[in-house]
Amino acid sequence: MATMQLDGLLQKAKELEQQALQELQALSNTKLCEEFRIKYLGRKGQLAQLLDALKVLPPQERAAAGRALNLLKEMLTAELERRMVEFARLEEEARLRAEALDVTLPGRPQKLGSLHLITQVTKELEDIFVRLGFEVVTGPEVETDYYNFEALNMPKDHPARDEWDSFYIEGFEDLLLRTHTSPVQIRVMQERRPPVKVVVPGKCFRRDATDATHSPVFHQIEMLWVDKGITLAHLKGTILAFIEEFFGKNFEARFVGDYFPFTEPSLQVHVRRKGSPRWLEILGAGMVDPAVLQEVDYDPEEYTGFAFGLGVERMAMLKYGVDDIRTFYQNDIRFIETF
Ligand code: DAH
């Protein structure tokens, strides 16, 4: 009986060996190898089951059968290991091949973004003023009533304040979004002694109804030059120089009288393409009012100055033939890519 069991067990081992060797030959990757290992060599695999069956054999037979099964196990393990190593190498090679970069391939051009037309025009104007000897400075977009109005010769009840419909900051009576870049004139003069020769680019905000030439957010560049002996001739010369530099010879400018509380005299400048019937107002300007100079402790007997504030959008519209200011803010990719 016992011998029968031993024979049966050895027979099973023989069959297992044949089948396992056959399957080993058919393996083709590490994943299948792992499945094979579990099926034959795992804790609950077929060999483990045979070894388990040893328990019923008498001790003298158990040793010999155990040795035979262990030899089989070692043989299958070694053989499997050999195949695993082989597949692992092939798979690694395939992975490296798939990941390989061909550094000799020609480059493909990437589409880069570009600066918004308003940014481009601002930079172009800054460059012109820097070449004329001005320094670029900036100031805050949220301003106090004092800098935006009061110090610019507009006390609280001044009727000219109506020109600048303002956005006030909720909960802060005294704070507003600046309606122009002129408050930076005051900030700069408070910090420096003359001569002062600066340009100030920046965003401005007004509670205007939106139309083709008005937007609640827009950009200005402020210019201020204070020194001994500055006259209206400097103002006109500087303005005509930068207009010609920016627009070229196909445009012309005219000066028209105006009123601003912070300049005396005050004027505005219109520009048009030569031959066009339509003038566009692009800036307000004037000789700095003595009251403004006094406000920052500059002696108006000793120093004079001129200033202007230009609308960047309007300059861009005129030069590039954009007929609606809203186009700048709609972010239509066809418009943006045109410039
Ligand atoms: N701040 C004025 C505005 O936004 C424009 C202006 C006029 C600026 C005269 C100046 C100036 O510096 O002198 O309407």
Side-chain angles (χ1 to χ4, degrees), residues 122 125 129 132 134-141 143-154 158-167 176-190 196-208 213-227 230-240 242-243 253 255-271 280-293 295-296 298 300 303-315 325:
T122 302
L125 290 166
F129 286 116
L132 291 171
F134 290 82
E135 180 191 343
V136 179
V137 298
T138 55
E141 290 173 1
E143 262 301 1
T144 61
D145 184 272
Y146 173 77
Y147 285 105
N148 197 80
F149 293 121
E150 193 108 28
L152 290 166
N153 203 22
M154 274 180 281
H158 200 290
R161 284 191 178 211
D162 291 351
E163 294 283 313
W164 294 274
D165 266 343
S166 315
F167 290 109
L176 68 158
L177 298 179
R178 68 177 175 199
T179 58
H180 48 181
T181 41
S182 301
V184 189
Q185 289 188 24
I186 305 297
R187 291 184 175 276
V188 171
M189 288 191 287
Q190 276 179 344
V196 167
K197 206 176 172 188
V198 293
V199 276
V200 188
K203 278 195 179 69
C204 303
F205 309 84
R206 282 190 206 167
R207 270 180 79 158
D208 286 339
T213 49
H214 293 88
S215 159
V217 184
F218 59 100
H219 297 77
Q220 283 190 340
I221 295 183
E222 190 83 10
M223 209 278 330
L224 174 70
W225 186 1
V226 180
D227 202 349
I230 299 288
T231 68
L232 201 64
H234 292 96
L235 184 163
K236 286 187 88 170
T238 304
I239 289 178
L240 289 175
F242 100 78
I243 286 179
F255 293 81
V256 179
D258 200 350
Y259 168 76
F260 298 103
F262 35 95
T263 42
E264 180 58 34
S266 304
L267 47 91
Q268 48 178 256
V269 174
H270 299 180
V271 172
L280 190 63
E281 179 193 341
I282 55 153
L283 64 82
M287 298 303 294
V288 180
D289 196 289
V292 173
L293 294 174
E295 184 69 29
V296 293
Y298 285 13
Y303 296 104
T304 51
F306 76 86
F308 62 79
L310 65 84
V312 178
E313 279 81 354
R314 295 211 173 163
M315 302 278 289
I325 196 169

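Sequence positions, counted from 1, serve as the residue numbers for this chain. All heavy atoms count here, side chains included; hydrogens, waters and symmetry mates do not. Just follow the structure's listing: the first ligand is 1, and inside any ligand the first atom is 1.
- Not one N or O on the side chain of Arg314 forms a donor-acceptor pair closer than 3.5 Å with the backbone of Leu280.
- A pairwise comparison of heavy atoms in Leu224 and Gln185 identifies CD1-OE1, 3.9 Å as the closest pair.
- In terms of protein heavy-atom proximity, atom 12 (O) of ligand 1 is nearest to Glu222 OE2, 2.6 Å.
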| task | List the steps and the verdict of side chain to side chain contact (heavy atoms under 4.5 Å, CB included) for Val137 and Arg187. | result | CA-CA 10 Å; Val137 298; Arg187 291 184 175 276; over 6 Å; no
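- Of all atoms in ligand 1, listed by their number and element, those nearer than 4.0 Å to a heavy atom of Gln220 are 3 (C), 4 (O).
- Not a single N or O atom of Phe260, backbone or side chain, sits closer than 3.5 Å to an N or O atom of ligand 1.
- Across the listed options Gln185, Glu163, Arg206, Arg206 owns the non-hydrogen atom lying nearest to atom 4 (O) of ligand 1.
- Nearest non-hydrogen protein atom to atom 8 (C) of ligand 1 is Gly309 N, 3.2 Å.
- Where the criterion is an N or O separation shorter than 3.5 Å, residue side chain and backbone included, His180 meets it with respect to ligand 1.
- Side-chain N or O atoms of Tyr298 include none that pairs as donor or acceptor with a backbone N or O of Tyr303 at under 3.5 Å.
- A cation-pi contact, defined as under 6.0 Å to the ring centre and within 45° of the axis, is absent between Arg178 and Tyr147.
- Look at Trp164 and you'll find a heavy atom under 4.0 Å from some atom of ligand 1.
- In terms of N/O distances under 3.5 Å, ligand 1 is approached by Ser182.
- You'll find the side chain of Pro261 stays beyond 4.5 Å of the side chain of Asp289, heavy atoms only.
- No side-chain donor from either of Glu163 and Tyr259 sits under 3.5 Å from a side-chain acceptor of the other.
- Near Thr263, meaning under 4.0 Å from one of its heavy atoms, ligand 1 places the atoms 13 (O).
- Annotation: atom 6 (C) of ligand 1 to nearest protein heavy atom, Gly284 O, 3.6 Å.
- Near Gly286, with a cut-off below 4.0 Å to any heavy atom, the atoms of ligand 1 are 13 (O).
- In summary, the aromatic rings of Phe308 and Phe242 are positioned with their centroids under 6.0 Å apart.
- Only side-chain heavy atoms of Phe262 come within less than 4.0 Å of ligand 1; its backbone N, CA, C and O stay farther off.
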